[in-house]
A.B. asks: 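Take a look at this one; I'll ask things after.
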Amino acid sequence: MNSSKIKTHIMLHIRKNIVLYLLIIFAFITGVAAGGFTVGSISPEQRMYLADYLQGYSYIIGNQPHVDRTIIFIKALLQNLQTAFFIWLFGLTYLSIPLVPLTVGIRGFFLGFTVAFLIDYYALNGLFMVLVCILPQSFIYIPCLVVMGVLAVQFGIERFKIRKLPHLKQMRMRRIAPYTFKFVLIIMAFFISSVFEAFVVPLVFKFLFANMFKMKEFIAFLSKQIKWV
């Protein structure tokens, strides 16, 4: 299949399922917005706890000569695989319409919360961190998440439509194989996102942001000393 046929197939798929794409995108955007608004409602103690966690991560990245990036890669990949598995599993049920958008919305919530917290707490430095560390892999992760959500909801609706047809088991087996194969192809793209998170983000974090966290911690310590004077 050449590139023109692939593009035509993709465009036909999007046109056929435009309502589902809008539904999944809306669920994701709603989750991102909810995560962003949640940052404004957390207490100062919780903000400090999250800031301390990031500072601890920056200390490990900045002071350890050899960071085990294989462990970071495995953790990132397992997290993506977990999301893909649940979306795939929910697509096998008749409840795919509520469960799949909910799962997509939850992942959007985590992304929105992380981005909003970094920008809110670290201002321009946090924005730069988002642009360098989060945005590049999001160009891969978000489309994959949306496509998986559409495939799962579409498959769940089709299963619901044929639930009363004869030879249902045979039809299920024939449909599950291509459905699963599409997920496997999408999961392969997750490898790229996980590689970026494991091998690129720590380097950027170490050289650009580790010193920023140290400087912020020093300024906070200095301001406390001035208050005591």
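These values consider heavy atoms only, across backbone and side chains, with no hydrogens, waters or symmetry-generated copies.
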A.B. asks: Looking at Arg159 and Tyr94, would you say the former's side chain and the latter's main chain have a donor-acceptor pair under 3.5 Å?
C.D. replies: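 No, the answer is negative, given that no donor and acceptor are paired below the 3.5 Å cut-off.
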A.B. asks: Please tell me whether Met188 and Phe73 are part of a single hydrophobic cluster in this structure, the criterion being side-chain heavy atoms less than 4.5 Å apart.
C.D. replies: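 Hydrophobic grouping puts Met188 apart from Phe73.
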A.B. asks: So if you build clusters from Ile, Leu, Val, Met, Phe, Trp, Tyr with side-chain heavy-atom gaps below 4.5 Å, do Phe109 and Ile24 land together?
C.D. replies: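 No; Ile24 is not reachable from Phe109 via cluster members.
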A.B. asks: Does some side-chain heavy atom of Leu127 sit less than 4.5 Å from a side-chain heavy atom of Leu131?
C.D. replies: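 Contact flag for Leu131/Leu127 side chains = yes.
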A.B. asks: Answer whether the closest heavy-atom distance between the side chains of Phe155 and Ile176 falls below 4.5 Å.
C.D. replies: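 Yes, side chains in contact.
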A.B. asks: Over all heavy atoms of both residues, which pair between Val39 and Ile42 is shortest? Give the atoms and the distance, please.
C.D. replies: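 Scanning both residues completely, I find the closest heavy atoms to be O-CG1, 3.1 Å.
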A.B. asks: Determine whether Ile119 and Met129 satisfy the following criterion, side-chain contact (heavy atoms from CB on, under 4.5 Å), listing intermediate values before the conclusion.
C.D. replies: CA-CA 9 Å; Ile119 296 176; Met129 190 185 306; over 6 Å; no
A.B. asks: Classify the ring geometry of Trp88 against Tyr179: parallel below 30°, tilted from 30° to 60°, perpendicular beyond 60°.
C.D. replies: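 Trp88 and Tyr179: parallel rings.
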A.B. asks: What's the shortest heavy-atom distance between Phe183 and Ala152, and which atoms?
C.D. replies: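 Phe183 and Ala152 have their closest heavy atoms at CZ-CB, 4.3 Å.
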A.B. asks: In terms of hydrophobic clustering (I, L, V, M, F, W, Y; side-chain heavy atoms under 4.5 Å; direct or indirect links), are Ile187 and Ile192 co-clustered?
C.D. replies: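 No, no single cluster joins them.
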A.B. asks: Go through it in stages, so that I can follow the logic: the residues are Leu102 and Phe90, the test is side-chain contact (heavy atoms from CB on, under 4.5 Å), and I'd like the CA-CA distance, side-chain angles, deciding distance and then a yes or no.
C.D. replies: CA-CA 11 Å; Leu102 178 62; Phe90 293 151; over 6 Å; no
A.B. asks: Looking only at non-hydrogen atoms, find the nearest pair between Gly36 and Ala116 and report the distance.
C.D. replies: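 Result for this residue pair: CA-CB, 3.6 Å.
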A.B. asks: Can you tell me how far the CD atom of Gln154 sits from the CG atom of Asn17, to the nearest 0.5 Å?
C.D. replies: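 These two atoms lie 4.0 Å from each other.
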A.B. asks: So do the side chains of Ile87 and Leu145 get within less than 4.5 Å of each other, counting heavy atoms only?
C.D. replies: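 With C-beta onward as the side chain, the pair touches.
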A.B. asks: Any side-chain heavy atom of Gln79 within less than 4.5 Å of one from Phe110?
C.D. replies: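 Gln79 does not reach Phe110 side chain to side chain.
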A.B. asks: How long is the straight-line distance from CG of Leu20 back to CD1 of Ile157, given to the nearest 0.5 Å?
C.D. replies: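 It is 5.0 Å, given to the nearest 0.5 Å.
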A.B. asks: If I take atom SG from residue Cys144 and atom CZ from residue Phe139, how far apart are they, to the nearest 0.5 angstrom?
C.D. replies: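 Cys144 SG to Phe139 CZ: 13.5 Å, rounded to 0.5 Å.
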A.B. asks: Determine the sole option in Val32, Val147, Leu111 for which the side chain to side chain contact (heavy atoms under 4.5 Å, CB included) test with Ile142 is passed.
C.D. replies: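 Testing each of Val32, Val147, Leu111 against Ile142, the sole residue satisfying side chain to side chain contact (heavy atoms under 4.5 Å, CB included) is Leu111.
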A.B. asks: Could you tell me the separation between the CD atom of Gln137 and the CG atom of Asn80, rounded to the nearest 0.5 Å?
C.D. replies: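 So the gap between those two atoms works out to 8.5 Å.
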A.B. asks: Quick check: closest heavy atoms across Gly156 and Ser96, and the distance to 0.1 Å?
C.D. replies: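 So the minimum-distance heavy-atom pair works out to CA-OG, 3.4 Å.
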A.B. asks: Do Phe37 and Val130 share a hydrophobic cluster, counting only Ile, Leu, Val, Met, Phe, Trp and Tyr and linking them when any side-chain heavy atoms are less than 4.5 Å apart?
C.D. replies: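 Cluster IDs for Phe37 and Val130 differ.
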A.B. asks: Using 0.5 Å steps for rounding, measure from the CG atom of Leu77 to the CZ atom of Phe190.
C.D. replies: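 Result: 9.5 Å between the selected atoms.
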A.B. asks: Any chain of hydrophobic side-chain contacts (each under 4.5 Å) joining Ile140 to Val150?
C.D. replies: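 No, separate clusters.
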A.B. asks: Can you tell me how far apart CE (Met148) and OG1 (Thr83) are? Round to the nearest 0.5 Å.
C.D. replies: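 Spacing of CE (Met148) from OG1 (Thr83) equals 7.0 Å.
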A.B. asks: Measure the shortest side-chain to side-chain distance between Ile134 and Thr114 over non-hydrogen atoms and say whether it is less than 4.5 angstrom.
C.D. replies: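 Counting from C-beta outward, Ile134 and Thr114 do come under 4.5 Å.
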